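Here's the structure, in structure tokens; my notes come after.
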2 protein chains.
Amino acid sequence: MGEIARKTGAFIPVKTRRAFEEICDQIRGEIQAGNLVPGDRLPSERDLAEQFQVSRSTVREAFRTLEISGVVTLHKGSKGGAVLQRGDNQPITQTMHDLLMLGSISLQDFTEARVCIQKEIIELACERATDEDYDAIEQNIARTSEISLADRLEERTELTIEFYSLLARASKNSAMAILMSAITEPLRDYLRRLGPDRSWNVAESRLKFLGHLRRRDKDAAVAEMVAHMTRLHAFMIGKIES
Amino acid sequence: MGEIARKTGAFIPVKTRRAFEEICDQIRGEIQAGNLVPGDRLPSERDLAEQFQVSRSTVREAFRTLEISGVVTLHKGSKGGAVLQRGDNQPITQTMHDLLMLGSISLQDFTEARVCIQKEIIELACERATDEDYDAIEQNIARTSEISLADRLEERTELTIEFYSLLARASKNSAMAILMSAITEPLRDYLRRLGPDRSWNVAESRLKFLGHLRRRDKDAAVAEMVAHMTRLHAFMIGKIES
DNA sequence: AAACCCTAATGATCAGACCAATGAACAATA
DNA sequence: TATTGTTCATTGGTCTGATCATTAGGGTTT
């Protein structure tokens, strides 16, 4: 038997494409080409199965994939079907959450990243925030104050998430807002599990922060935020280890 | 007929949970509880169908969902099955790409977000980058120089993506590295479609940038990067509109 | 040993069925 | 007439049960 030809060099590993992936790509291709736009409705699973010459379950897996990716939403019933969305950041926040749970990101790195993102958001917001933005944030803080710490932990958590969302909106940059949600929403679980931190007044810190923001004092706002984050991080680390 | 009882107040809209979602949640719950860790192998579709008292196709949709989310990978054959991953940022970059394609994020916002993220990455890298990091980046730039602009667009694009990835790695923060990839990888498509920009020397700019980084001169590095981004953005806008 | 073959396990796909929700057209009613 | 209830076709969600292709491991032959 002859020698194995080694000099042929690097063969690329063969990767079999699954049928549903091909379907996803074709649909994404139509989106990229501009033939499909948000609001459009794809043909039904049964129709597409015929068009693609595959079984319904295969189309189904493609639909499911696109749904999880936030590209379409699926509606039952007559006039239902797969409707193209404008996109959704849920997949991003979900993945971020998974990465935390799976230990691929440490809480340390996560917190640091939050600080980084918020520094930039604050910088943008200081330039662009409108009075409406400030008022919305102020209302959010007011509602946070109203809610007692003991009960209504759920609402309090939601208000915290909303606070950061409003701040992100004030940056007037949708991409940064999405990154902000990616780095904020996973907090929900921690806040729920660890309970409230009664050792200091969150609303007070946020009000001070808002004041700096209103004065467009970037550095002071960042400093207040960093202080806030540091305390929160210490609280979380302490809770988790105990 | 009596009055409609309006004072009952806010009924919460009923949302029916689909079976596969429940399965996903249970599996994610086990991960969160620490009963499942990366490397573990889930039971086969057939087994889980029995355990969950659902059909195989339902388990399959759950598996597909977790696969798309980067939580597991599916392997065929004996000893195959769903294996828990350490997580994957592919879902994040894919979603970011979708959001761009669907017009949910403007190229303007996207570029600005890139600048924001990279500012923070540079700041971290200036503090923490090691000689190995610098050398890896330098090698990357060297290879970029070698490749002629005309041919090998593909490789050139990959090297560009790798450049940002190496930079992110130098920040020593995995969360920021993931955000960086989210905001960098979607570029691949643009670079491929628009072709190379021959009007200025990319490698030269990157070398200058690396010099600033080595001297840990944060401000200069950021300035060089911003200049680079500005030119690239102008190039992309020009190409797209023409 | 090394190459080959067989087999069980497992995801990928297929085919066909029924269920549940949805909305629109239509009928019944006040 | 305006509202309410009914019917019906459409469509995703799920089920059942089957075949195929790939994979790893064990056994057999060379």
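If you're wondering where the values come from, they're calculated on a predicted model, not measured in any experiment. Every heavy atom of this structure was used, including side-chain atoms; hydrogens, water molecules and symmetry mates were not. Chain A is the first sequence line, chain B the second, and so forth, proteins listed ahead of strands; every chain is numbered from 1.
Atom CZ of Arg60(B) is separated from atom C1' of dT13(C) by 8 Å (rounded to the nearest Å). dG12(D) atom P lies 6 Å from atom CZ of Phe63(A), rounded to whole Å. Nucleotide dT13(C) holds its P atom 15 Å from the CD atom of Gln53(A), rounded to whole Å. The distance from atom NZ of Lys15(A) to atom P of dT23(D) is 13 Å, rounded to the nearest whole Å. One can place CZ of Phe20(B) at 14 Å from P of dG12(D), the figure rounded to the nearest angstrom. In this structure, CD of Glu50(A) is placed 13 Å from P of dT11(D), rounded to the nearest angstrom. Residue Glu45(B) contributes atom CD, which lies 15 Å from atom C1' of dC15(D) at whole-angstrom precision. When rounded to the nearest whole Å, the span between CG of Leu66(B) and C1' of dG11(C) equals 15 Å.
In this model, the phosphate group of dT10(C) is approached by a side-chain N or O of Arg41(B) to a distance below 4.0 Å at OP1 or OP2. A close approach under 4.0 Å does occur between a side-chain nitrogen or oxygen of Thr58(B) and OP1 or OP2 of dC15(D). Taking side-chain N and O atoms only, Arg18(A) has no distance below 4.0 Å to OP1 or OP2 of dG11(C). Close to dC14(C), at under 4.0 Å from its OP1 or OP2, lies a side-chain N or O of Ser55(A). Side-chain nitrogen and oxygen atoms of Arg46(A) include none within less than 4.0 Å of the OP1 or OP2 phosphate oxygen of dT10(D). Between Arg56(B) and dA18(D), a side-chain N or O to OP1/OP2 separation shorter than 4.0 Å is absent.
Residue Ser145(A) holds its OG atom at 9.5 Å from CZ of Arg156(A), rounded to the nearest 0.5 Å.
Cation-pi check for Arg60(B) over Phe63(B) is not met; the charged atom does not lie both under 6.0 angstrom from the ring centroid and within 45 degrees of its normal.
Within the 4.0 angstrom heavy-atom criterion, only backbone atoms of the sugar-phosphate kind lie near Ser44(B); the bases stay farther away.
Each of Thr16(A) and Pro43(A) was matched to the nucleotide of DNA chain D holding its nearest heavy atom; the match closer to the 5' end belongs to Pro43(A). Remark on DNA chain C: of its neighbouring residues Arg17(A) and Gly80(B), the 5'-side contact belongs to Gly80(B), judged by nearest-heavy-atom nucleotide. Annotation: of the two residues near DNA chain C, Lys76(B) and Ser57(A), the 5′-most nearest-nucleotide partner is Lys76(B).
For Asp88(A) against Leu99(B), the heavy-atom pair with the smallest separation is N-CD2, 3.5 Å. Of all the heavy atoms in Ser174(A) and Ser106(B), the pair that sits closest is OG-N, 4.5 Å.
With dG13(D), dG11(C), dT10(D) as the choices, the nucleotide that has an atom nearest any side-chain atom of Ser78(A) turns out to be dT10(D).
The salt bridge (Lys or Arg N to Asp or Glu O under 4.0 Å) test with Arg188(A) is passed by exactly one of Glu162(A), Glu154(A), Glu158(A): Glu158(A).
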